[in-house]
Amino acid sequence: MSTDTVEMVKMNGLQAINAALMEAMEADSKVLVLGEDIADNEGGGVVGVTKGLSTKFGTDRVKSTPISEQAIIGAAIGAAMAGYKPVAEIMLMNFTTVAMDMIVNHAAKLRFMSGGQSQVPMVIRTLTGAGNQTAGQHADFYEAWFAHTAGIKVVIPWTPADFKGLYLSAIQDPDPVMIIESGKTLFVPMDTPVNQGPIPLGKANVVMPGTDLTLVSYGQMMFTVMQAVEELGKAGVSVEVIDLRTISPWDKETVLASAEKTGRLLVVHEAGKNFGPGAEIAATVQEELFGKLKAPVGRLGAPYCSVPFAKKLEDAFLVQPPAIIAEAKRLAAMG
Amino acid sequence: MSTDTVEMVKMNGLQAINAALMEAMEADSKVLVLGEDIADNEGGGVVGVTKGLSTKFGTDRVKSTPISEQAIIGAAIGAAMAGYKPVAEIMLMNFTTVAMDMIVNHAAKLRFMSGGQSQVPMVIRTLTGAGNQTAGQHADFYEAWFAHTAGIKVVIPWTPADFKGLYLSAIQDPDPVMIIESGKTLFVPMDTPVNQGPIPLGKANVVMPGTDLTLVSYGQMMFTVMQAVEELGKAGVSVEVIDLRTISPWDKETVLASAEKTGRLLVVHEAGKNFGPGAEIAATVQEELFGKLKAPVGRLGAPYCSVPFAKKLEDAFLVQPPAIIAEAKRLAAMG
Amino acid sequence: MSQTLQNRASPDAATQLDIYRRMIRIERNDDATRTQIRRGRITAPYYSARGQECIPAGISSLLNDDDKICTIYRGIQDMVAKNMPLRPLWAEICGRVDGTCKGKGGPMHLTHPETGVMVTTGIVGSSMPIANGFAWASLLDGTKQVTVAYFGDGASNIGAFHEALNLASVWKLPVIFVCANNGFAEHTRYENGTAVDQISKRAIGYGMPGYTVDGNDPLDVYAHAHAAIERARAGEGPTLLECKTFRFMGHVFGDADGYMTKEEKAEAMAKDPLPLFRQKLIDDGVATAEQLDALTAEIEAEVNDAIEYAMSCEFPSDDELRRDVFAEEIPA
Amino acid sequence: MSQTLQNRASPDAATQLDIYRRMIRIERNDDATRTQIRRGRITAPYYSARGQECIPAGISSLLNDDDKICTIYRGIQDMVAKNMPLRPLWAEICGRVDGTCKGKGGPMHLTHPETGVMVTTGIVGSSMPIANGFAWASLLDGTKQVTVAYFGDGASNIGAFHEALNLASVWKLPVIFVCANNGFAEHTRYENGTAVDQISKRAIGYGMPGYTVDGNDPLDVYAHAHAAIERARAGEGPTLLECKTFRFMGHVFGDADGYMTKEEKAEAMAKDPLPLFRQKLIDDGVATAEQLDALTAEIEAEVNDAIEYAMSCEFPSDDELRRDVFAEEIPA
Ligand SMILES: Cc1ncc(C[n+]2csc(CCOP(=O)(O)OP(=O)(O)O)c2C)c(N)n1
Ligand SMILES: Cc1ncc(C[n+]2csc(CCOP(=O)(O)OP(=O)(O)O)c2C)c(N)n1
Ligand SMILES: [Mg+2]
Ligand SMILES: [Mg+2]
């Protein structure tokens, strides 16, 4: 491999996370993994993300747990404070609700409340996303809650390369990081550098340059966005696409620079629009770029309701390419 | 009492809530009250909000509970679905974290997930707010989390009259309502109509008319805001003050009309600024009034950290009048 | 340390037949569901309870329509046992507007208040705290209604279990906590998640009776449920029933079963309660083979009717996203 | 059903004196805290543990510096017993930058890793799950360290208790779960919140030993703690100790005590462990009254020194709000 050609391989997000965990555990004996069903006796995780880890690193470092989310996060917090780097799985994001005290009142706050004596270098992994008819309690995006909570970082990767790179960084980060695995992003194979190294948290990725409109999104919604952008390109709207990657702290610099250049910004996410992550971005951008925008900052997100079961309703619930195209065109026509 | 003079009495928020609960329980035998220490044997609540209720209505309807927040909210949900109107206390807002599953995945969703067969007419009361050196785990405002959650209304009263009126409405509302009792608002006596009746949820209160700037706030922050506004008035800045009262669904109509009139908007809350409630208001207003504002929408809220213990730090953590005055003047000078 | 039941009630012949009917209705419905999924006519996640039929069948034979149940994702057996009509059930799992939840809830959130199916939850442990609320309401109403909270063995390790059982006992609520201990929580074996050999022993910590029941024996389920329901109706408080059983089909439809041995599965399936109970009914002269076959045929017809009905129903309109969020429709 | 300890270890004379020293240090420090609050020199909320001194004193006499504790808002006694130095403790409760948490945590979040004071939480039940993590780390490290999780009787009704005890037992973690059962949770009597007559019985549900201990008797605390700590260090897993005691000062400083009778309070205070143990030490010839008085004087001097030190320290600068949120300071 020469220094300028990067050897690529097709893998999906699941494989990328698995590779990151393997690499991190191999390199650093302090890295631990815990969660329900995550060891190989239990199938290496319900979708197989942690497959092979317990066989390779033993069930002392890779522990399946009871169905006890508070105990899972609690054990991770204590181990982290004692010098380990636990990666704790909460099977689905809706189940973070039973561990909110541990996450919010403890993991996120112990460094501050102890005046810096305690550190809690842990990763919380969790999966979510609509599209599989799992209905109201298995598909919510609550990243806005955690972004609103001081002391915990929130990451939502899209590509397998980002999964690998962001996981490597998150595991070595000295503070708690929540990584939200967003539905399809685990399963869609993409070209990925064989030796993908760490990618810094807090940096967005400008996926595609453009001039008429900046479009910010992340997670599995990026697939929808890319479809819409292709259509928009054909319709003569040049879109600069930014994959935010880290929701908190988010990359203001990159977003502001792009929005200033294009004069227009649209934020698209799967989380509810109401009091959602897009609100913070819109509120910040309207302030920082007051008078410099050609259009208001647009936001698209889920409607104000639970995730519905029927496929037809689930499709209506999710932001689809036509809605993005329409909103992008509306904004592009302004100013 | 004639129809146009309203008989007033001095009472504080605590007394107003107590009066509302008394009245509601008297009028409607379906109203129940539960929570830790809330019955009279236990002192009628840790700050006395529920004093006298169990003596008057019996300990079947007014129940002290174990320290089991999931069980408290669960019992309230079931009773509500069975036709009762429970008012459940979670002693402090930080303790909602141990009941998040019950609140978010159940109370807020059961009507929708059941296609309207289930209704959950319950009130969740909780107290919070900085200012008493209770530090990192006893003073957080998380209204943004619940406003982001479809299916639950969020109310934060300021005046005793509003407490009475909003409580009466919330108890009779067919859906779950969270009422956040905001620190000092329980303890400061104000003139209150003796026969204060229900005040509709979802309607803001224009507390003071003005022409240069609209200032939106709520809860105990209103005390700070009113101090700042007095100073601003002396400095020749005419502020229209809006007490939002209901955070979700918030009164867009009133806020937009005022912001359009004054051309400037500042939102002030005690919750963290980052991904906070003000973001939704700013994002909505910049969109609806694009091109009509003389200044960007300003936001003031807590910094990105936990509530600190030392009085000096707590004072620095809270938004104080000088910060409001400075920001209001900055905005007023624009456009 | 786990308790032994003193006065064992036995179901009469008619009740035994009724229990069997409920078991067959569960089993035929489950079989049909898996068939429809295999054929691609249903796309929902499905958690089969094949093997666990005795538990809700035995319990429901003692319940009235206005007694209530709160159950879980693996809960269709509990609803079918509670006599929930199959047409709205099937329409729901097919995502149709005529489904009992208008297609919004799906199989994990089926609800049917008329037959007492109050809550179906996908969150492990959450059936129990909510069941308490219904039971509290029954006490206030002064009825003798009871509420059954169904859950799994894995769920006995989550905080909500603990809070709910303690509160129910302190408040003497008419609840029956029914744990279907099928030996696995998803892929995790009982003993790798649960520190006590019998979940029923946890009842000691809540000052309530706790029994370990043979969940493959309808008569044992009946006897224990009878005692628990009597106790609840008498205002004496809750009971914990741990019913030992096995899930024949793994955790979720499509499950690879790699976490158990072929032998243990075969051994468990040899104890399939359905043929055993059928044979017992015949041996005891409760019914003839022909009668039981006719019963099965009748139930199959009911299931098939429900499926075809469901498939003919409309999908919900997109406006449904604005309905049932609150009582009042959200404006477009 | 609650267990009886088989092999009772007894502290030797030096250890008895050490336990007494810890008790006095707790009591003198508590008294001084209440005095300073009364004088308006401290403004923090304060949860006195007057009456409960034996428990942490007996336990800590068996702990090493690198053994860890996780405690609660009513936890200063646990820290003082663990030999946390008083200067940084006082500077913290006075909100000074020289406080062990730089004034950011205050009395409810005191932390001092050097003496093993790892977490102090204000959320009921939360000391237990986190203690498990430290214990897991000790196992991985291969040390014989143990972790003590302190909590109250009311906390035994919250979900986190259940999850933590079960996990600790399944994982055989070296944790001692120490419940100070003072008969009240805030204003709620034990029996109105807790469905079992002895919290120690809950240990049955987690397959771990559980003992009800006389929390007013340092020797009983010592014996049980000794067994629990030995068991933990031997890799055999956790133990639940329910130590029966009483809070003389109510829930929080300023508490009106209206929820208890004068008689029961008087009765409890008559069992004040401090004078009783003092008398026993004298009677047994472990120490003379003069020696014990000298010890008290020495401790009073230490407490006074800490107070005056604390009052002379600076308040933190506002920049502290940007520090310790993350490892890296947040830009202004
Ligand atoms: C709080 C929570 N954690 C995790 C899950 C994921 N999950 C769904 S079912 C299940 C296993 C439950 O096992 P058990 O209680 O034994 O019931 P069974 O499925 O065997 O009937 C798990 C872990 C969940 N739904 N909710
Ligand atoms: C989750 C949670 N719920 C409620 C509270 C409020 N609260 C603080 S202390 C307390 C009583 C705790 O009683 P117990 O566990 O017996 O400890 P004690 O105070 O008697 O030492 C309560 C209810 C809390 N801090 N956390
Ligand atoms: Mg199971
Ligand atoms: Mg207590």
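In what follows, chains are A, B, ... by sequence order, proteins preceding strands, each numbered from 1.
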Which bit of [X] comes within less than 4.5 Å of chain B, counting heavy atoms only: side chain, backbone, both or neither?
| X | result |
| --- | --- |
| D:Phe326 | side chain |
| D:Ser156 | neither |
| D:Ile158 | both |

Check: For B:Lys312, is it the side chain, the backbone, both, or neither that has a heavy atom closer than 4.5 Å to a heavy atom of chain D?
Finding: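 Contact with chain D involves both backbone and side-chain atoms of B:Lys312.
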Using 0.5 Å steps for rounding, measure from the [atom1] atom of [X] to the [atom2] atom of [Y].
| X | Y | atom1 | atom2 | result |
| --- | --- | --- | --- | --- |
| D:Glu92 | B:Phe309 | CD | CZ | 7.0 Å |
| B:Ser68 | D:Asn157 | OG | CG | 5.0 Å |
| D:Asp153 | B:Ile67 | CG | CD1 | 7.5 Å |
| B:Gln137 | D:Thr120 | CD | OG1 | 9.5 Å |

Heavy-atom contacts under 4.5 Å, [range] to chain D:
| range | value |
| --- | --- |
| residues 138-145 of chain B | B:His138 |
| residues 31-42 of chain B | B:Asp37, B:Asn41, B:Glu42 |
| residues 315-323 of chain B | B:Ala316, B:Phe317 |

Next item on the list: Under 4.5 Å, counting heavy-atom pairs only, tell me which of B:Gly136, B:Ser306, B:Cys305, B:Pro303 racks up the most with chain D.
Entry: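 Going by pairs under 4.5 Å, I would pick B:Cys305.
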Next item on the list: Heavy atoms only, distances under 4.5 angstrom: which of B:Pro66, B:Ala71, B:Gly43 has the most pairs with chain D? Name it, please.
Entry: B:Pro66
Notebook entry, point to check: Applying a criterion of heavy atom separation less than 4.5 Å, what residues of residues 183-194 of chain D form contacts with chain B?
Noted result: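 The list, in residue order, reads D:Ala185, D:Glu186, D:His187, D:Thr188, D:Asn192, D:Gly193.
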Restricting to non-hydrogen atoms, name the atom on [X] and the atom on [Y] that form the minimum distance, rounded to 0.1 Å.
| X | Y | answer |
| --- | --- | --- |
| D:Gly105 | B:Ala135 | O-CB, 3.5 Å |
| D:Gly95 | B:Ala310 | O-CB, 3.4 Å |
| D:Lys104 | B:Leu313 | CG-CD1, 4.0 Å |

Notebook entry, point to check: Highest number of heavy-atom pairs under 4.5 Å with chain B: which of D:Asp255, D:Ile123, D:Val97, D:Ile93?
Noted result: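 Looking at each option in turn, the highest pair count goes to D:Ile123.
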Counting only heavy atoms not in [X], do more than 12 fall under 6.0 Å of its [atom1]?
| X | atom1 | result |
| --- | --- | --- |
| D:Glu114 | CD | yes |
| D:Glu264 | CD | yes |
| D:Lys265 | NZ | yes |

Next item on the list: For residues D:Leu321 and B:Pro308, determine if any side-chain heavy atom of one lies less than 4.5 Å from a side-chain heavy atom of the other.
Entry: yes
